[in-house]
Every structure is written in C-alpha cells, then in structure tokens.
4 protein chains.
Amino acid sequence: MADDYQSPRPIYMQIVDKIMLQVARNELKPGQKLPSVREMAIESGVNPNTVQRTYGELERMQIVETKRGQGTFITKNKEIVEEMRKKLQFEVVDQFISKMKELGMTEAEMIDQLHYYMKEREGE
Amino acid sequence: MADDYQSPRPIYMQIVDKIMLQVARNELKPGQKLPSVREMAIESGVNPNTVQRTYGELERMQIVETKRGQGTFITKNKEIVEEMRKKLQFEVVDQFISKMKELGMTEAEMIDQLHYYMKEREGE
Amino acid sequence: MADDYQSPRPIYMQIVDKIMLQVARNELKPGQKLPSVREMAIESGVNPNTVQRTYGELERMQIVETKRGQGTFITKNKEIVEEMRKKLQFEVVDQFISKMKELGMTEAEMIDQLHYYMKEREGE
Amino acid sequence: MADDYQSPRPIYMQIVDKIMLQVARNELKPGQKLPSVREMAIESGVNPNTVQRTYGELERMQIVETKRGQGTFITKNKEIVEEMRKKLQFEVVDQFISKMKELGMTEAEMIDQLHYYMKEREGE
DNA sequence: GTGGTCTAGACCACA
DNA sequence: GTGGTCTAGACCACG
C-alpha cells in the first residue's frame with residue numbers, strides 16, 4: 001500500500017520512515033497508540049513479520065514504547081522527539097551539502113540550484 | 001580501498017558512483033581509457049567479477065564504451081556526459097527539496113538551514 | 001536443458017529469449033510467478049548465478065518485477081508486454097527485409113522465396 | 001570504419017559478411033584480387049591480425065584463394081559462388097520463418113507483416 | 001523461503 | 001593483453 005516492493009530501501013524501513021515523519025510533523029502525538037501489528041500489517045498490505053520488525057526498530061530508537069498486553073505507543077519523552085526531528089533535518093541538509101560539494105559546487109551555486117528547482121515545482 | 005563493505009549500497013555500485021563522479025567533475029575525460037578489469041580489481045581490492053559488473057552497469061548507462069580486446073573507455077559523446085551531470089545534480093536537489101518539504105519546511109527555512117550547516121562545516 | 005552451450009549467445013540470454021517468447025505467446029501471463037532462482041537453475045541445469053543474471057536482465061527490460069522475499073513475477077503492465085511483442089516482431093521482419101535487400105531482392109522475390117521455403121517445410 | 005566494436009558479432013566476421021555480400025552481388029568478381037592484409041587493415045581501421053583471421057575464414061569457406069607471394073583472390077569457381085549466394089538467401093529466409101513461427105504466426109500473417117513494413121520503409 | 005552480492009577460480013573468443 | 005561468461009559455494013538481509 002504505502003510500500004514499494006521495488007525500492008532498494010527495505011519495506012520495514014520505509015514504514016519506519018513514514019512513522020518517523022508523522023511523528024516529526026506531530027501527526028502522531030506523544031503517547032498516542034499505534035495500530036497493533038496485525039492491524040498495521042493489513043492496513044499496509046504487508047507481512048506481520050515486517051511490521052514487527054518496524055516496531056522493533058522504532059523501539060530501538062526509543063521513539064516508541066511497547067507496553068505488554070496494551071500495545072505500542074509513541075514515546076511521551078518530548079526531548080527524544082525533538083532530537084529525532086533535528087536529526088532528520090540535519091541528515092537531509094548534511095547529505096545535500098556533501099553531495100553538492102562532491103559535484104564541485106559552491107554555497108552560492110547550491111542556493112541558485114535550490115531556487116531554480118523550487119520554481120520548476122511551483123503549483124505542486 | 002575506496003569501498004565500504006558495510007554500506008547497504010553494493011560495492012559494484014559504489015564504484016559506479018565513484019566513476020560517474022569523476023566523469024562529472026571531468027577528472028575522467030571523454031575517450032579516456034579506464035583501467036582494465038583486472039587492474040581496477042587490484043586497485044580497488046575487489047574481485048574482477050565485481051569490477052566487470054561495474055563496467056557493465058556503466059556501459060548500460062552509455063557512460064562507457066567497450067572495444068573488444070582493447071579495453072573500456074569513457075564515451076566521447078559529450079551530450080551523454082552533460083546529461084548525466086545534470087541528472088546527478090537534479091537528483092540531489094530534488095531529493096533535498098522533497099525531504100525538506102515532507103518535514104514541513106519553506107524555501108526560506110531551507111536556505112537558513114543551508115547557511116547554518118555550511119558555517120558549521122567551515123574549515124573542512 | 002533448453003540451452004545450447006555451443007551457441008555464441010550466452011546462456012543467460014538464451015533463457016531471457018525463451019521467457020520473452022513465452023510471454024509474447026501468452027504462455028506466461030501477466031502477474032504470474034516465475035520459478036525461484038534456485039528452482040529455475042535446477043530446471044535449466046545451470047548455476048543459480050546464471051539465472052540471477054537472466055532475471056536481472058528481464059527486470060531491466062521491465063518484463064518482470066521482483067518483490068523482495070516473494071519472488072519474481074511477469075509484469076502486470078500489459079502495455080509493456082504488448083510493446084515487447086511488437087518489438088520482437090518488428091526486429092524479425094526488419095532484419096529479414098534488410099538482409100534480403102542487401103542481397104538485391106525485390107519485395108516480390110522475397111514473397112516468392114517465402115512461399116518456396118514454406119512448402120519445403122510442410123509437415124513440420 | 002565499416003566495423004562496429006559494439007556489436008556482439010566479432011569484427012573479423014563483420015568483415016567476412018561484408019566481403020561475402022560483395023561477392024554475392026558481383027561487386028567483387030571471380031578472380032579479382034583483394035587488398036593485402038595490411039592495406040585492408042588500414043582501410044578498415046582494424047588490427048592486421050583481425051584481417052588475417054577474416055581471410056583465413058574466407059579461405060576455409062573456399063570463397064577466396066591465397067597464392068603465395070601474390071595475394072588473395074576471389075575464387076574463380078562459379079559453383080562455389082553460386083552455392084554461397086543460395087546459402088545466404090536460404091539462411092535469411094529460414095531464420096525469418098523459424099522466428100515468425102516461434103511468435104505463432106501463419107504464412108499469411110508473415111506476408112502481411114512484410115507488406116506492412118515494406119511500405120513503412122518506402123522512400124529509403 | 002526469496003532475491004542479491006561477492007569471491008575464487010576457470011575458460012573462452014577476440015584484437 | 002582485453003572483456004565476457006560460467007560454476008561452485010558462500011553469506012546476507014528481507015518477508
């Protein structure tokens with residue numbers, strides 16, 4: 001459903017990405033309950049194993065907490081959420097700068113390119 | 001050598017990336033001969049099969065031409081090289097914009113972030 | 001099995017040809033699962049690597065899609081299948097016309113030859 | 001020059017093809033002298049080894065005779081030339097019929113296709 | 001179970 | 001010497 005079997009990115013990580021994004025945008029709020037593994041599997045048209053792995057990964061990152069017998073919840077720890085948000089941003093910007101530098105571009109050129117392609121996207 | 005065995009990106013694609021970058025920066029010039037499969041294998045510390053795959057991939061992209069018994073050469077077709085260069089740039093910028101938008105940022109904020117992290121990197 | 005080790009055409013391409021033909025003749029239908037790499041390897045009496053290459057090639061041609069952990073499937077995109085069918089036909093006819101013209105033959109003569117050799121083959 | 005380093009067909013066979021065609025069309029006449037290996041190599045922009053192999057192949061087919069110290073000549077044996085001409089034709093037609101049959105086409109359909117693509121080529 | 005990558009080592013035709 | 005193909009066998013992440 002929201003997953004791409006072709007992409008080189010593993011499906012379970014695609015779902016991780018999606019959830020992290022929803023958290024970062026506050027669409028999923030601290031303390032909110034996530035769908036059960038089975039529900040999410042059906043929703044996403046994916047094997048329950050895959051969702052299990054997604055939740056495991058999110059738990060490792062402390063973005064999510066599993067309460068036995070109750071389900072899986074977004075952490076209430078706002079520091080962690082904030083940290084994650086910053087890390088997401090940082091990674092995007094950092095990767096952009098690194099790659100543009102590899103291509104031999106200066107900061108001014110990066111901004112030029114940015115303007116140029118933003119215009120091309122207008123109306124989206 | 002220049003490859004990372006941990007990266008999820010396959011080694012043969014890492015070498016593809018490296019060569020494409022060298023072409024984009026004109027460090028590898030149109031018509032120039034690449035090291036033979038065996039030489040490159042030793043240089044890169046990988047199996048010749050892996051390099052073979054790299055060269056095959058580059059040939060599919062028309063960045064490289066192979067002449068039987070003579071070796072593998074950067075294409076002399078400058079249009080293809082230019083197109084590739086643009087595509088590389090576009091992908092980087094496009095991905096940046098998409099991800100930043102997903103994070104809910106405006107163009108002004110993107111440029112802010114860019115400035116901010118560029119300063120942090122000063123001296124590199 | 002269905003491959004010819006003497007032919008100048010690589011084995012993996014012979015298998016590609018065979019599958020494309022089966023698709024063109026609708027013996028392999030859109031969405032249908034192909035044998036796993038290992039199964040096909042045994043069926044065809046070749047190394048799994050060789051089949052892997054075959055499937056990779058077919059995927060590049062978009063005739064086949066691979067879903068992680070599930071297997072390899074004929075594309076459901078009927079346009080691509082139809083396009084492939086036409087391309088196969090075109091290539092055969094085009095090559096025939098080109099070569100016959102090189103031999104200095106007119107259209108009438110081509111048809112004559114066609115009739116003549118078709119009769120010779122009767123009963124096949 | 002007249003050779004294609006990209007084609008899967010070996011260069012020496014591409015030259016063989018070219019010469020056979022010239023003989024079939026009587027552009028090269030029985031008894032006529034071919035250029036020396038060195039001349040032909042320069043003409044064709046190819047390694048002399050490659051031309052050597054070409055002449056060897058043509059000699060094996062008895063289309064050409066080498067007279068020591070004099071050079072290489074098209075055979076005067078018109079039967080062989082005629083046989084070759086027929087064989088060339090046969091192979092083209094035979095391959096066409098085989099492949100069209102593999103695609104599941106009847107004789108009528110073959111002729112249809114032939115007409116169709118001949119029209120498309122008009123003006124060439 | 002699936003496909004994907006990699007190594008090691010071999011053989012081949014071609015230039 | 002060059003690239004191209006193939007086998008055998010291994011390991012991996014993924015579903």
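Letters A, B, ... mirror the listed sequences (proteins, then strands); counts begin at 1.
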At what distance, to the nearest 0.5 angstrom, does [atom1] of [X] lie from [atom2] of [Y]?
X: C:Arg25; Y: D:Glu102; atom1: CZ; atom2: CD; answer: 7.0 Å
X: C:Met84; Y: C:Leu58; atom1: CE; atom2: CG; answer: 9.5 Å
X: C:Arg53; Y: C:Ile11; atom1: CZ; atom2: CD1; answer: 10.5 Å

Below the 4.0 Å mark, does [N] have OP1 or OP2 next to a side-chain nitrogen or oxygen of [X]?
X: B:Arg68; N: E:dA15; result: yes
X: B:Ser36; N: F:dG1; result: no
X: D:Tyr12; N: E:dC14; result: yes
X: B:Thr66; N: F:dT2; result: no
X: B:Thr72; N: F:dG3; result: yes
X: D:Arg53; N: E:dC14; result: yes

Inset, instruction - Please list every stem that involves DNA chain F, where a stem is a run of 3 or more consecutive Watson-Crick or G-U wobble pairs with both pairing distances under 3.5 Å. - result: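 If one scans DNA chain F for consecutive Watson-Crick or G-U pairs, the stems found are E:1-14 with F:1-14.
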Inset, instruction - Assign each of B:Gly56 and C:Pro48 to its nearest nucleotide of DNA chain F by heavy atoms, then name whichever residue's nucleotide is nearer the 5' end. - result: B:Gly56
Inset, instruction - Might you point out which heavy atoms bring C:Pro30 and C:Lys76 nearest each other, and give the distance in Å? - result: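 Closest pair (atom of C:Pro30, atom of C:Lys76, distance): CB-CA, 4.0 Å.
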Legend entry - Check: D:Gln62 and D:Asn77 side chains under 4.5 Å, non-hydrogen atoms: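 SC-SC contact between D:Asn77 and D:Gln62 ruled out.
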Inset, instruction - For C:Glu57 and C:Thr54, indicate whether the former's side chain and the latter's backbone hold a donor-acceptor pair under 3.5 Å. - result: no
Starting from [atom2] on [N], measure out to [atom1] on [X] and report it in whole angstrom.
X: A:Ile11; N: E:dG3; atom1: CD1; atom2: P; value: 14 Å
X: A:Met40; N: F:dG15; atom1: CE; atom2: C1'; value: 16 Å
X: B:Arg60; N: F:dG4; atom1: CZ; atom2: P; value: 14 Å
X: B:Asn47; N: E:dG9; atom1: CG; atom2: C1'; value: 9 Å
X: C:Arg9; N: E:dA13; atom1: CZ; atom2: C1'; value: 17 Å
X: C:Glu57; N: F:dG4; atom1: CD; atom2: C1'; value: 13 Å
X: B:Gln70; N: F:dG1; atom1: CD; atom2: C1'; value: 11 Å
X: B:Arg38; N: F:dG4; atom1: CZ; atom2: P; value: 11 Å

Legend entry - Minimum-distance nucleotide to B:Val37 side chain [options: F:dG3, E:dG3, E:dC6]: F:dG3
Legend entry - E:dG4 base / C:Gln52 side chain donor-acceptor hit below 3.5 Å: yes
Inset, instruction - Kindly check if the number of other-residue, nucleotide or ligand heavy atoms within 6.0 Å of CD (D:Glu27) is above 12? - result: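 Check passes, neighbour count above 12.
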Legend entry - Distance-only donor-acceptor check, side chains D:Glu59 and D:Thr66, under 3.5 Å: yes
Inset, instruction - Would you kindly compare C:Tyr55 and D:Thr50 by the position of their nearest DNA chain E nucleotide and give the one closer to the 5′ end? - result: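 Final value for this comparison: C:Tyr55.
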Inset, instruction - Scan C:Asn49 against the nucleic acid and name what it touches under 4.0 Å (heavy atoms): base, sugar-phosphate only, or nothing. - result: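 The residue C:Asn49 makes base contact.
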